[in-house]
Every structure is written in structure tokens, then in C-alpha cells.
Protein chains: 2
Amino acid sequence: MKFSKATNYALHTTLALVSASSVKPIGVQQLAKSQDVSTTYLSKILTKLAKAGIIESASGAQGGYRLTRNKDEITFLDIIHAIEGTSSMFECDFVHGDECLIQAEMKNAEQKMLQYLKETKIVDIAHKQST
Amino acid sequence: MKFSKATNYALHTTLALVSASSVKPIGVQQLAKSQDVSTTYLSKILTKLAKAGIIESASGAQGGYRLTRNKDEITFLDIIHAIEGTSSMFECDFVHGDECLIQAEMKNAEQKMLQYLKETKIVDIAHKQST
DNA sequence: GATATTATAGAGTCAATAAGTCTGCTATGA
DNA sequence: TCATAGCAGACTTATTGACTCTATAATATC
Ligand code: SF4
Ligand code: SF4
């Protein structure tokens, strides 16, 4: 019951992109260096973010990644969902009807966390960091 | 980023013990049958609950498991912590000082979930179920 | 006190997932 | 056209989860 390291990389990279916020895209080499991770692996992670519409890529020389949307539209939850998927943390093989109370409570609990992550934007901590 | 099946077994078994609430202990065979899991494996899970002080075991004939504490003191969180451990879902290898804001927000989010699980008691759903 | 019954411990097995590599391909700016 | 970047998919390795097997220890009952 842990978040994957990939999620960690994704959060850090997005934070870097939000902080940089340049029009010019930033190459994966530069992004990978600061996190001590291989470029090919980080690239694979960033492709997921791109598919989720959070960032976009530019091939070729002077290429790299940049944000697509407005900075303040990017939440923690967006990134986590892009990397970890959107299925519940409590999946039960059996389906014992709608009145399954254990599952209901577990999902309520999970929702509390997701709600917080949805309210928390990357740009918030980018601001705090720069002060 | 999923809860283990062991946690699921633990929750169901505890619910069964709370619902039964007999003075006589209940054997692992009986508990395992309803969940379609082997006795040896469930036993191992229940030993964790016992070590966490949630249930207690009795060896020998007519032995089994029963609750130790008062029913309404047992929360979802107790059980989850007993099985999954208490370490955070977001552990970072590097420790970049106290001002690590990503980690701080992730742990805030996690706390929201834990808080809910702490407030939710097994006995609550036992009541609902019996109605 | 012998015996059947029940939990406990720990090693060992098997499968699934996470984490990361390698290689060849595609897109694009200079 | 060529050097530079991302992309895709197959592949490998490490870690963890989900069990099983077996031998041991405790205890109620006879
Ligand atoms: S009661 Fe709910 S959580 Fe339990 S096994 Fe059935 S469906 Fe799963
Ligand atoms: S900034 Fe925080 S979360 Fe990021 S690598 Fe450092 S310690 Fe880990």
C-alpha cells in the first residue's frame, strides 16, 4: 500500500515544469539529472502525463516537455491518476451486493484522501518554495 | 497502491468476531470457511491481529480467537495498521530537509484517510448489517 | 498423563507488479 | 540531411504479495 516511485518522479517533474514555466520546452535529460533517474525511464513516465493531457512534448532539436494547461489547473490528483490509474485502492473480487459495508467505508476513507489531493495544486507549493 | 488481500481478510474476520461476540473463542477453521481462504494463511493474519492486541488466541481443543477489548474500541485503522504496518504510503528515499513540500502534502492527504478510518468502528457496520 | 485438537513459527514456493534497460523508430529544428 | 529530441514495445530484474508445508507448542478432555 504504497505510492510508486514513478508517482514521485512525476510529481517532482511537474513541479519543476510549473516552477520553470518557460515557453521553451525542457528536455528530459535536464529533468532526469536532478532526480537521479535514467532518461529513458523518466521519458516513459512523462509520456503518461502527456497522454493525460497535463504536459505536452515536442520532438526534435530544442524539444522537450512543457505544460499544456494553465498552471493552476494542475492538481496532485491529476498526476497521481495519470500514473497510478484511477481504480480504487480497495478492490474486492467478490461482489456481495450493494450493501457491502466494509467496501463502502473503505471507499469513503479513500475519497477523503482523493478530495484533498484534488484541492491541492502543484502551483501552490511552487509558490511556497520560491519564497 | 492497493490494500492487500490480507487486510481484507482481517477486516472480514474481525467483523465476524464482533458480530458473534461470544465468550467462547471461534476456531480459525470456521472463520476461514466463510472467506474461502486456507486456515494456515488466515491463521497467520490473525496472529498479527493478536500481536496488535485486537484479538487473543486460545490453543488446544475448543480454542480459537476472540476479541480482547471492548467491541466499540476497534476501528478500521487499528486493523489496517496491524496488517499493513504504520509507515507512510509516501516514503521518499532522499530526505531533503523539513521544508519538503511534496512529501508534506502527500502526508496531509494520507492523514485525511487515516482520520476517517480512525473514526470508523467495526461495530458500526456490524449494527447496520444485522438490521 | 496420553491424546486429539488447536494455534504458532518459519522456511519455502509461486505469481504479480514495480522498476528499470535496450533498441529501433519517428518527428523536427537547424 | 543530420543531429537531436521524444516514443514504443520487448525485455530483464528486483521486490512484494499471496500463499503452502511442516514441525512445534499449548491445552482441554478423557
Ligand atoms: S462483503 Fe464486500 S468487501 Fe466483503 S467480500 Fe463481499 S464484496 Fe468483498
Ligand atoms: S523534495 Fe521531498 S519528496 Fe522530493 S526527493 Fe526530496 S525529500 Fe523526497
Side-chain angles (χ1 to χ4, degrees), chain A residues 1-13 17 23-33 35-52 54-68 80 82-85 87 89-94, chain B residues 1-13 17 23-33 35-68 80 82-85 87 89-93:
Chain A
M1 193 185 125
K2 296 247 188 243
F3 287 100
S4 67
K5 293 184 79 171
T7 295
N8 195 350
Y9 292 138
L11 286 169
H12 283 78
T13 306
L17 289 174
V23 190
K24 293 259 173 198
I26 303 180
V28 73
Q29 291 203 40
Q30 189 178 337
L31 293 165
K33 207 182 303 174
Q35 293 183 64
D36 193 36
V37 60
S38 76
T39 57
T40 44
Y41 187 45
L42 186 60
S43 178
K44 175 169 285 194
I45 292 166
L46 295 188
T47 301
K48 280 192 180 175
L49 292 183
K51 286 198 171 141
I54 296 166
I55 60 177
E56 67 183 359
S57 66
S59 279
Q62 307 304 316
Y65 297 92
R66 77 171 82 87
L67 301 179
T68 44
I80 290 167
I83 305 298
E84 309 255 355
S87 67
M89 287 169 46
F90 191 85
E91 291 293 350
C92 184
D93 301 340
F94 320 92
Chain B
M1 193 184 123
K2 296 247 188 243
F3 286 101
S4 67
K5 293 183 79 172
T7 295
N8 195 351
Y9 292 137
L11 286 169
H12 283 77
T13 306
L17 289 174
V23 190
K24 294 259 174 198
I26 302 179
V28 73
Q29 291 202 41
Q30 189 178 336
L31 293 166
K33 207 184 301 174
Q35 294 182 63
D36 193 36
V37 60
S38 76
T39 58
T40 45
Y41 186 46
L42 185 60
S43 178
K44 176 168 283 194
I45 292 165
L46 296 188
T47 301
K48 280 192 182 176
L49 292 183
K51 287 199 170 140
I54 297 166
I55 62 177
E56 68 183 358
S57 67
S59 279
Q62 307 305 315
Y65 297 93
R66 78 171 81 87
L67 301 179
T68 44
I80 290 167
I83 305 299
E84 309 254 357
S87 66
M89 288 169 47
F90 191 85
E91 291 293 349
C92 185
D93 302 339

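First the proteins, then the strands, lettered A, B, ... as listed; each starts at 1.
In this structure, B:Lys33 places its NZ atom where only 12 or fewer heavy-atom neighbours from other residues, nucleotides or ligands lie under 6.0 Å away. Within a 6.0 Å radius of CD in B:Gln29, other residues, nucleotides and ligands contribute 12 heavy atoms or fewer. No more than 12 heavy atoms of other residues, nucleotides or ligands shown are found within 6.0 angstrom of NZ on A:Lys24.
Distance B:Asp36 CG to D:dT20 C1': 15 Å, rounded to the nearest Å. The NZ-P distance, from A:Lys5 to D:dT16, rounds to 11 Å in whole Å. We find that CE of A:Met1 is positioned 18 Å from C1' of D:dA18, with the value rounded to whole Å. One atom, CD of B:Glu91, and another, C1' of D:dT15, lie 16 Å apart when rounded to the nearest Å. Rounded to whole Å, atom P of D:dT16 lies 16 Å from atom CE of B:Met89.
Close approach of DNA chain C to chain A, defined as any atom under 4.0 Å from a non-hydrogen atom of the protein, starts and stops at C:dA19 to C:dG29.
The residue B:Tyr9 sits close only to the backbone: its heavy atoms come under 4.0 Å of sugar-phosphate atoms, none of a base.
Scanning all heavy atoms of the two residues, the minimum distance from A:Val23 to A:Arg66 falls at O-NE, 2.9 Å.
At least one donor-acceptor pair under 3.5 Å links the side chain of B:Thr68 to the backbone N or O of B:Gly53. In this structure a side-chain-to-backbone donor-acceptor pair under 3.5 Å is missing from B:Ser57 to B:Tyr65.
Going from atom NZ of B:Lys5 over to atom CD1 of B:Ile45 covers 10.0 Å, rounded to the nearest 0.5 Å.
A donor-acceptor contact under 3.5 angstrom links the side chains of B:Thr7 and B:Ser4, judged on distance only.
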**Item:** Base-contact (B) and sugar-phosphate-only (S) positions in nucleotides 6-12 of chain D, heavy-atom cut-off under 4.0 Å, - elsewhere
**Value:** SSS-B--
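Under 4.0 angstrom from either OP1 or OP2 of D:dT20 there lies at least one side-chain N or O belonging to B:Ser38.
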